[in-house]
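Just so it is clear: chains get the letters A, B, ... in the order the sequence lines come, proteins before strands, and each one is counted from 1.
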Amino acid sequence: MKLTIKTRLIFGFIVLIALSAAIYFLGNSNANTLNGSLNTIVTVNAKRLQYAMKIAEDIQFITKREKDLILTRDDQELDEYSKAVSDRATEMLGRVDDLRAISDDRGQEIIDQFSKNWELYQKAYNRIKALSLKNTDSTSNAAYEISRSDARSAATEAVSTISGIVKKNQAAMDEAARNADAIYASATRNMLILLICSIFISIGVSVWIITSISKSINYAKDAIRRVAEGDLTVDIANTFKDEIGDLLDNFKVMIEKLKEVLTFVVTASDNIAAASMQMSSTSQEMSQGTQEQAASAEEISSSMEQMVSNIQQNTDNAQQTEKTAMKAAEDMQEGSASVNQTIDSMKKIAEKIGIIGEISRQTNLLALNAAVEAARAGDHGKGFAVVAAEVRKLAERSQLAAGEINDLSRSSVSIADKSGKLLEQIVPNIQNTAKLVQEIAAASQEQNSGAEQVNGAIQQFNKVIQQNAAGAEEIASSAEELASQAEHLRETISFFKIDKHQRTAAVKTQARAPKRFFHSKGSDKIKPNGEKGILLDLNKDDALDADYEKF
Amino acid sequence: MSTQAETLNSFLSFRLDDELFAANVGKVLEILEIPKITKVPRSPEYMRGVVNLRGNVLPVIDTRTKFGLPPTSDTVNSCILVLSIASAGKNITLGAVVDAVQEVMEIDNSAIQAVPSMGTRYKSEFIDGMVKLNDQFIMLLNLDLVFTSEEVFVLEEAAGSKN
Amino acid sequence: MTEKLLDIFLGEAQELIVEIEKAVLLLEQNQQDEHGISAIFRAMHTLKGSSGMFGFEAVSGITHHLESIYQDIRDGARAMDANVLAITLKTLDHLRNLMQDPHLGDAGVRANHEQLLTAILSLEDAHTSHHTANNTAPASANTAQQRSYYIYILPHPAILRNGTNILYLVDDLLALGEGTALPFFHQIPELAAIAPDTSYMGFEVVLATTKKEEDIQEVFMFVESDCDITIKSLADGNILSAIGKHEQIQNRDVAAALGYEGIKALAAHPKKKISKADKARSAGINNAASIRVSSERLDDLMNLVSELVTTQARLSLFSGENDSTELSNISENIEKITRRLRDNAFTMSLVPLESIVVRFQRLVSDLSKELHKDIEFTAVGMDTKIDKSIIEKLTDPLLHILRNSIDHGIENPEERKRRNKSPKGKLQLRSYYSGGNVIIEIADDGAGIDLTKVKEKAIAKGLIDGHAALSEKELTDLIFLPGFSTASVITGVSGRGVGMDVVRRNVSDIRGEIDIATRAGEGTTFIIKLPLTLSILDGLLVKIGDTDFILPLTSVAKCYEVKTAALESSFNQLIQLDEKRLPFFFLRNDFAITDHKPELSQVILVSYDGQQVGLVFDRIEGEYQAVLKPLGEFYQRQNEFSGATILGNGNVALVLDPNKLIGKLIDHYKNQQRYEYAG
């Protein structure tokens with residue numbers, strides 16, 4: 001069974017408690033006994049005593065009044081006294097009943113005795129009373145007689161019976177006092193014995209507990225102190241079966257774990273140092289690349305700008321062309337309108353000529369009519385007929401001329417019409433061209449804006465590259481920082497003793513490496529494994545070694 | 001022929017198709033351009049209709065149809081000859097549509113040749129004579145007969161066989 | 001030059017002869033008619049003078065003698081007697097012949113001439129100074145006691161409701177003497193508010209009478225409470241002529257009364273003027289402001305006027321198209337003037353029937369003597385005017401009817417007595433306007449036409465089927481059939497049966513209608529309905545394609561609009577209109593007009609032969625008053641066109657004669673059917 005500290009302590013305390021309880025019980029039982037006897041004294045005996053004394057007092061009072069009753073001649077006083085007697089008698093009888101209730105057998109007997117006596121007295125009294133009430137001298141004398149005889153004896157008897165009770169109880173009380181003294185004496189002795197025994201037992205138990213605990217704690221204290229000093233090599237040979245043993249077990253586990261962690265940290269910091277060195281070199285390289293990139297971007301941007309300006313030129317030219325084309329189309333339209341107007345005019349001319357033709361035709365007709373009229377007039381109309389014929393000829397000629405003009409104008413109309421139509425055909429072509437050029441202009445405008453966008457993008461790109469370069473620098477410095485941090489970590493961890501070899505070397509090799517890279521500017525290739533110094537092969541045969549002799 | 005016309009040897013020449021005809025001016029009242037002609041339904045084909053001649057109604061004859069020539073549409077040169085012809089002792093005014101009016105000319109009686117009874121497509125009784133002018137024959141028409149007769153002017157068989 | 005004058009003379013002479021004839025016929029009734037005697041004398045005198053001038057010696061000789069006889073009669077140197085009148089009439093007939101044969105070339109005429117001349121000379125000699133002073137006092141005697149009154153009558157508006165005829169009052173008043181009634185309007189409301197039983201009218205009467213003022217008041221005895229009446233004396237004597245001629249009276253405003261003072265003022269002032277006018281009047285009827293115009297020139301005028309109307313229509317058309325206020329003002333003005341000119345010209349060519357009445361009177365008097373019948377001929381409404389050309393064509397039919405009435409209608413005096421009729425037969429020629437027409441009636445109180453006889457005869461002549469039940473009208477219409485006469489005795493006057501059909505044809509030639517109303521034993525009335533003028537026709541302007549037609553309004557019964565397709569598809573040429581199936585003619589086809597066929601066509605119902613027939617046109621342009629022009633000889637066969645008219649736009653519209661058209665079309669279709677059946 002594993003006797004833990006807890007069990008031990010529990011056991012110790014239980015022993016102490018048991019002892020204390022024994023003492024208590026002993027004391028208590030003694031006190032109880034004492035108390036019992038005291039109680040009897042107070043509650044029974046003292047009460048009985050009290051009642052008896054009271055009753056005696058009552059009888060005293062009644063007898064006194066009896067006397068008064070006899071003596072007095074005043075009726076009023078008579079009444080007063082008789083009444084006082086009866087009242088007191090009733091009171092007393094009550095007390096007697098109370099006394100009877102708390103009385104023991106003996107007491108009962110006494111009370112019965114008393115009651116008999118009282119009855120006697122009562123009878124006597126009644127007689128007295130009756131006589132007294134007649135209030136005559138004779139009667140009073142008779143009464144007095146009675147009082148002195150019967151009544152007095154009865155009263156005395158009653159008082160003596162009641163005094164028996166008093167005596168009896170006084171004796172009982174004395175008895176009780178003596179018993180109490182005896183109990184107290186034995187109790188005091190028992191108590192003392194018990195106390196001494198318990199003191200001894202307690203001391204023994206305490207010593208046992210203390211010694212058993214301090215041994216294991218001291219062991220644990222030593223182990224912890226060593227770990228605190230950084231010595232993780234401490235070997236805990238646990239022989240303890242108690243809580244401390246458990247603690248030591250756990251502590252042992254903790255040390256193991258700690259050792260594991262530290263070993264990991266050491267390797268990790270080694271790795272970090274190596275990685276940071278690598279990062280440093282990479283970022284170096286990146287930085288260089290970025291520089292180059294930035295230069296190319298600059299170049300692209302400038303060519304882009306060149307291109308944009310070319311496109312702009314294009315657009316301007318296209319616009320100019322478009323305007324020219326539009327103008328040409330407009331001019332053409334105007335030309336076409338002019339031609340149309342010409343045609344209209346010609347048509348109007350034709351119309352007018354037509355009117356002239358019509359007029360000459362009508363003139364012709366008129367002339368014919370005139371000729372007819374003239375002919376009908378016979379010789380009288382001869383002269384007129386000649387005129388009419390002339391007019392007719394003229395009319396015919398003008399009609400002919402009008403017809404010719406009409407033909408001419410018709411043919412010119414057709415020519416003009418044709419040219420107008422041609423012009424009208426050209427106009428849409430030109431308009432088409434203008435439209436195409438317009439489209440070109442629009443396209444190059446679009447191109448222009450595209451190129452500008454590209455240019456903007458390149459600028460953006462350049463900026464990003466610059467930022468990248470800066471970032472690379474920062475990364476490099478961060479890597480260096482990281483390396484130093486790793487070194488620092490290693491130094492810190494070296495406080496712990498884990499095992500005796502390989503520890504310091506690893507830390508030192510890697511810690512100094514980055515500084516050299518920074519200044520070499522990537523011209524030297526650094527081996528990432530981080531071998532230190534120059535590789536010397538002394539075993540190689542070379543010219544220098546030829547002068548030396550091998551030993 | 002009326003006495004009045006006899007005294008006149010002036011003729012109005014007009015054209016129908018390619019042929020030239022002449023009417024004695026004594027019969028010609030005037031020459032009109034062709035106005036709107038109102039066709040009278042259910043009338044003979046050669047009746048072109050009636051026109052408004054200064055508030056009077058003038059019947060118009062389609063001379064081409066009357067002469068048996070193929071119908072053509074009117075041209076600007078088409079005219080109406082307003083003729084006054086004698087019919088049953090009365091003078092009737094009528095219009096005759098001709099293709100073109102040429103001129104008024106005096107024709108000497110001696111220049112008028114008789115119509116050969118054969119060799120012409122027209123019935124000889126309708127033609128008073130012929131005149132040769134500028135290598136072309138002009139028929140002098142007997143208007144009274146031409147326009148009052150119900151007969152067709154052209155010799156149908158002759159025309160038919162000739163062509 | 002001389003020929004023209006001669007024409008004028010001949011025309012004048014004809015009129016003078018007619019005038020004398022008229023006067024003689026009047027004198028036959030009343031031999032003491034001074035007016036007639038002096039008229040004959042004047043006419044004789046004029047005729048003598050002008051015939052002498054133109055070398056009509058025979059005329060001037062014979063009239064000279066007659067003139068002197070009438071001079072004596074006029075001067076009271078001799079009495080008028082029947083002998084003189086008879087010789088005068090004979091002379092007149094002779095004079096007519098002389099006008100054609102002034103130099104007594106014809107032997108008969110010469111013999112007649114001699115005979116008459118001796119008769120006249122003997123008359124002249126037979127009595128030398130046979131005086132009968134039958135001098136009647138001149139009219140001035142009457143006017144001595146005359147007095148002119150101004151009477152103002154304003155009936156209360158409600159007067160018509162108790163059945164009083166105001167016109168009777170005026171008539172009663174005028175019966176008291178000579179007077180003129182000047183109506184005026186009193187408080188006439190807007191047209192819409194006019195109540196037909198309310199009087200808005202009053203009269204002012206200027207009365208010249210010998211009666212006293214109380215007599216005048218008596219006229220209004222029963223209406224005093226219903227009228228405001230004022231009677232005032234204007235002046236002594238007759239002032240009517242002074243007032244009647246006054247411009248203010250002629251052109252007065254009828255919207256208000258002139259008032260007593262107004263009339264009095266008129267009567268007082270323009271005395272000089274009146275006396276001048278009176279003088280001119282008294283100078284003689286022949287000198288009245290009229291001139292003689294040859295009918296040819298009137299025709300010319302009419303032509304020019306209608307041409308002007310046409311041109312004016314074009315002008316207003318043009319001014320309507322060209323929005324120029326001034327132009328339209330001018331155009332409207334010209335339109336007004338033209339219309340007045342046209343109306344004037346038309347009325348110029350209208351002649352009162354009076355001009356032919358004399359011939360009728362002669363005929364009646366001659367015939368009644370010949371047939372020993374006692375006939376009283378009266379002519380009523382002879383101032384009715386009618387177109388000259390109609391009158392010319394009317395004379396013959398009227399004479400024929402008169403002859404018929406005298407010969408067959410009016411019985412012998414003995415027979416009349418037997419039939420309890422007055423022995424004197426009555427023959428009346430009446431004429432009056434009815435709408436746009438003139439009605440001429442010839443009424444006799446003779447035996448009437450025995451329709452049973454008519455029927456018998458028609459059956460006997462095979463004109464009708466014996467079993468045919470004919471209405472009275474159809475029976476009377478039989479009389480107009482050629483070769484029909486009911487007279488049992490053929491007299492020299494009538495009864496040969498060549499008459500009534502000619503009458504009917506003549507009447508219908510002048511677009512007239514003739515009707516007979518007869519009652520056996522009571523008399524016969526011939527009713528001729530004539531247009532006012534032949535040259536104007538109220539028509540409906542309709543179109544088919546581009547061709548305009550005029551349909552006489554009188555023949556149009558009703559117009560409908562019908563879908564063209566429905567008409568074309570109707571194979572039996574019947575169309576349902578107003579729940580009746582009516583035959584119709586789709587004139588488009590019949591007239592061979594093919595242009596612009598409309599979706600809706602107009603069916604115009606015309607009555608033909610007692611039933612209704614539809615004529616289908618493209619559209620109805622509206623009413624049109626057409627001036628009728630003949631189509632000429634070339635279209636004689638197209639008598640379905642009664643002529644043509646020139647429209648406002650210068651186009652020629654053809655005037656349709658629906659009766660002839662439908663008749664022709666029916667014949668045409670019948671022939672077609674016959675061909676179809678035959679084929």
Side-chain angles (χ1 to χ4, degrees), chain B residues 27 29-30 32-63 65-67 71 73-74 80-97 143-153, chain C residues 299-314 543-550 585 587-595 626-641 643-656 660-661 664-665 667-668:
Chain B
K27 299 276 177 194
L29 296 178
E30 60 181 304
L32 297 177
E33 287 182 68
I34 296 183
K36 186 184 185 251
I37 299 178
T38 304
K39 171 96 184 142
V40 178
R42 303 161 60 77
S43 56
E45 203 189 337
Y46 61 84
M47 293 308 295
R48 273 289 285 270
V50 287
V51 299
N52 168 15
L53 175 63
R54 287 190 294 279
N56 279 314
V57 176
L58 179 76
V60 176
I61 291 175
D62 191 348
T63 320
T65 319
K66 182 84 180 166
F67 282 17
S73 53
D74 295 333
I80 292 178
L81 298 185
V82 182
L83 304 172
S84 170
I85 58 166
S87 166
K90 277 195 285 182
N91 275 340
I92 310 172
T93 310
L94 65 92
V97 179
L143 294 170
D144 292 345
L145 270 180
V146 166
F147 289 112
T148 51
S149 163
E150 295 272 317
E151 283 180 70
V152 184
F153 179 62
Chain C
D299 288 345
D300 275 353
L301 177 70
M302 284 302 300
N303 273 341
L304 287 171
V305 166
S306 50
E307 214 174 301
L308 182 66
V309 168
T310 311
T311 316
Q312 179 273 320
R314 253 151 106 179
K543 274 200 147 181
I544 302 176
D546 275 343
T547 315
D548 299 285
F549 295 95
I550 303 268
F585 291 101
L587 292 184
R588 204 162 235 289
N589 291 344
D590 298 313
F591 288 174
I593 298 170
T594 48
D595 49 350
V627 179
L628 213 64
K629 309 274 178 186
L631 272 180
E633 313 229 337
F634 285 95
Y635 291 107
Q636 264 175 344
R637 287 188 192 170
Q638 277 71 50
N639 63 356
E640 60 264 47
F641 301 103
T645 190
I646 313 290
L647 297 179
N649 57 9
N651 285 350
V652 180
L654 300 169
V655 180
L656 281 168
K660 291 200 175 104
L661 174 68
K664 274 194 160 186
L665 290 174
D667 287 347
H668 173 75

Inset, instruction - Measure the CG-CZ distance between C/Leu661 and B/Arg42 for me, rounded to the nearest 0.5 Å. - result: 7.0 Å
Legend entry - chain B interface, residue from C/His668, C/Lys629, C/Lys664 that has the most non-hydrogen pairs under 4.5 Å: C/Lys629
Legend entry - Region of B/Ile61 in contact with chain C, defined by heavy-atom distances below 4.5 Å: side chain
Legend entry - Most contacts with chain C, counted as non-hydrogen pairs under 4.5 angstrom, among B/Val50, B/Val51, B/Ile37, B/Thr93: B/Val50
Inset, instruction - Kindly give the heavy-atom pair with the smallest separation between B/Phe147 and C/Phe634, and that separation in Å. - result: O-CE2, 3.2 Å
Inset, instruction - State, yes or no, whether a side-chain contact exists between B/Asn52 and C/Asn651 at a heavy-atom distance under 4.5 Å. - result: no
Legend entry - Options C/Thr645, C/Thr547, C/Leu631, C/Leu308, ranked by heavy-atom pairs under 4.5 Å with chain B, top entry: C/Leu631
Inset, instruction - Output the distance between atom NZ (B/Lys36) and atom CG (C/Asp548), rounded to the nearest 0.5 Å. - result: 6.0 Å
Inset, instruction - Examine distances only and state if a side-chain atom of C/Gln638 and a backbone atom of B/Pro41 form a donor-acceptor pair shorter than 3.5 Å. - result: no
Inset, instruction - Would you mind reporting whether C/Leu654 and B/Thr38 have side-chain heavy atoms less than 4.5 Å apart? - result: yes
